[in-house]
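See below for the structure under consideration.
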Amino acid sequence: MTPHYPFAALHGQDELRLALLLVAIDPRIGGVLIEGPRGTAKSTSARALADLLADGRLVNLPLGSSEEQLAGSLDIQAALRDGEVAFRPGLLARADGGVLYVDEVNLLADSLVDLLLDVCASGVNRIERDGISHQHAARIALVGTMNPEEGELRPQLLDRFGLLVRLRQTIEPEQRERIVRSRLQFDRDPQAFVARYQAQQQVLSERLGEARRRVVTLEFSDALYRLVSRLCHGAGVEGVRADLVMLRAAAAHAAWQGRDEVGEGDVRAVAELVLAHRRKNPPEPSADSGAQPPSSASSSMTGEGLADTSDDGDWGAMPPQAVAIQEPTARRPRLEPSTAKKP
């Protein structure tokens, strides 16, 4: 099989890589929704993330899937005949421990989106039919993508996604060049390209596994609870789902950094990913707004040498020009209208 493009070789899209790592560390975050046009590496990034996980499993959910295909089904006749529950696994069972990828999730039936998000938030898939029930673990990193030009996602469903990444419409020329160069090298010889990044991939995979084990042990201080409550209240979000997601995402960020405590910097590194699609009030500059932007925060998430950071500054600004100052000319005497009467 042709190998997937390696996660360690991804260029740019720092927020995207950050969000993917967070949901892989703690799937209870509720998945990540990637909003952007075609050709912005959405599906490539999802496949690359799956390769970092222990199972390396990527399951695609087709738009025409039924609820039974997604959740699985129970064989009632077998249960009545043999007295045992016969469960036919669905896509959720296959994706356990891996990545479930849904392209154009905004075109998926609302009932399936609800089911997906419920399972990802709880980590358990429950099937009930005619008084018979079955459940199985479903620790799934959900990745959904959508192109806003092809339709919007209902606000009720949008809020259910833990994180949102809005990709830029355009890519800077230098970044475009790096992406194209790497992609052509991969297409020319995938095996050699993947081998070149094998060591970095191994480091990322081991670090991700350790973070997944560490995140369940982390606790939050009273000060962090207050900070998260203040940020969510200031954004005018409804309910407390944003608070829960922000704390879980902050813990995942701290676990990736190898820390034993979750700090304020972890909260601020993930805050906008949590609030971007829930915010009712515009952000206001304040003394607390010294947050690290997501792009720089994600540089530390992806590891040394793996994230591209550049200071674009005021791109397009014109340098100051020297302008000669002309000496003012002597003012001509003002001619007053004659007040003498004509003869």
Side-chain angles (χ1 to χ4, degrees), residues 1-27 29 31-61 94-95 97-105 139-146 163-165 167-168 171 175-176 178-212 252-253 256 273 294-295 297-309:
M1 294 179 62
T2 302
H4 298 151
Y5 193 92
F7 194 90
L10 293 173
H11 299 295
Q13 307 294 18
D14 293 340
E15 287 186 355
L16 173 57
R17 288 183 288 168
L18 168 59
L20 290 173
L21 288 169
L22 292 176
V23 297
I25 293 170
D26 187 359
I29 287 172
V32 56
L33 177 61
I34 308 169
E35 185 180 288
R38 300 182 185 90
T40 47
K42 298 189 294 291
S43 59
T44 298
S45 301
R47 287 194 211 74
L49 176 69
D51 288 341
L52 294 181
L53 301 176
D55 294 331
R57 185 182 301 128
L58 175 75
V59 177
N60 284 285
L61 175 62
R94 289 174 50 195
V99 176
L100 181 62
Y101 179 71
V102 188
D103 194 18
E104 296 180 330
V105 67
R139 185 177 168 86
I140 299 168
L142 174 64
V143 180
T145 67
M146 61 175 285
L163 309 176
L164 173 70
V165 177
L167 301 180
R168 292 184 299 175
I171 306 173
Q175 196 66 258
R176 297 173 74 97
R178 296 189 64 183
I179 293 171
V180 171
R181 283 179 181 273
S182 295
R183 186 69 209 192
L184 288 177
Q185 291 173 6
F186 173 78
D187 292 341
R188 185 176 295 116
D189 192 343
Q191 301 290 347
F193 188 87
V194 169
R196 188 189 315 166
Y197 287 92
Q198 184 174 0
Q200 295 182 52
Q201 286 282 105
Q202 184 65 27
V203 170
L204 282 175
S205 181
E206 293 175 357
R207 187 176 174 186
L208 185 57
E210 175 59 29
R212 286 165 70 103
H253 188 275
W256 177 260
L273 292 172
S295 59
S298 60
S299 300
S300 61
M301 286 289 291
T302 51
E304 184 178 357
L306 300 181
D308 302 318
T309 56

Can you measure from CD1 (Ile25) to CG (Leu53) and round to the nearest 0.5 angstrom? 10.0 Å
I need the full list of salt bridge (Lys or Arg N to Asp or Glu O under 4.0 Å) pairs touching residues 181-193, with sequence neighbours left out, sorted by first then second residue. Glu177-Arg181, Arg183-Asp187
Taking all non-hydrogen atoms of both residues, which atom of Pro3 and which atom of Phe186 are closest, and how far apart? O-CZ, 3.1 Å
What's the separation between atom CG in Leu20 and atom CD in Gln13, rounded to the nearest 0.5 Å? 10.5 Å
Do Gln201 side-chain atoms and Ala8 backbone N/O form a donor-acceptor pair below 3.5 Å? yes
Can you establish whether the number of heavy atoms outside Gln198 located under 6.0 Å from its atom CD is more than 12? no
Rounded to the nearest 0.5 Å, how far apart are CG of Leu49 and CZ of Arg17? 12.5 Å
Ignoring hydrogens and angles, tell me if any N or O in the side chain of Arg47 forms a donor-acceptor pair with the backbone of Ser43 under 3.5 Å. yes
Quick one: salt bridge (Lys or Arg N to Asp or Glu O under 4.0 Å) partners of Arg176, sequence neighbours excluded? none
Report the residues that fulfil salt bridge (Lys or Arg N to Asp or Glu O under 4.0 Å) with Glu206, sequence neighbours left out, ordered by chain and then residue number. none
Going from CD1 on Ile34 to CG on Leu163, what distance comes out if it is rounded to the nearest 0.5 angstrom? 10.5 Å
Using a 3.5 Å distance criterion without hydrogens, assess whether the side chain of Lys42 forms a donor-acceptor pair with backbone atoms of Pro37. yes
Checking the side chain of Arg57 only, and the main-chain atoms of Gly97 only, is there a donor and an acceptor separated by less than 3.5 Å? no
Looking at Leu22, Val143, Leu164, Leu142, which hits side chain to side chain contact (heavy atoms under 4.5 Å, CB included) with Val32? Val143
How about Phe193 and Tyr5: are their ring centroids closer than 6.0 Å? yes
Rounded to the nearest 0.5 Å, what separates atom OG1 in Thr145 from atom CG in Leu167? 10.0 Å
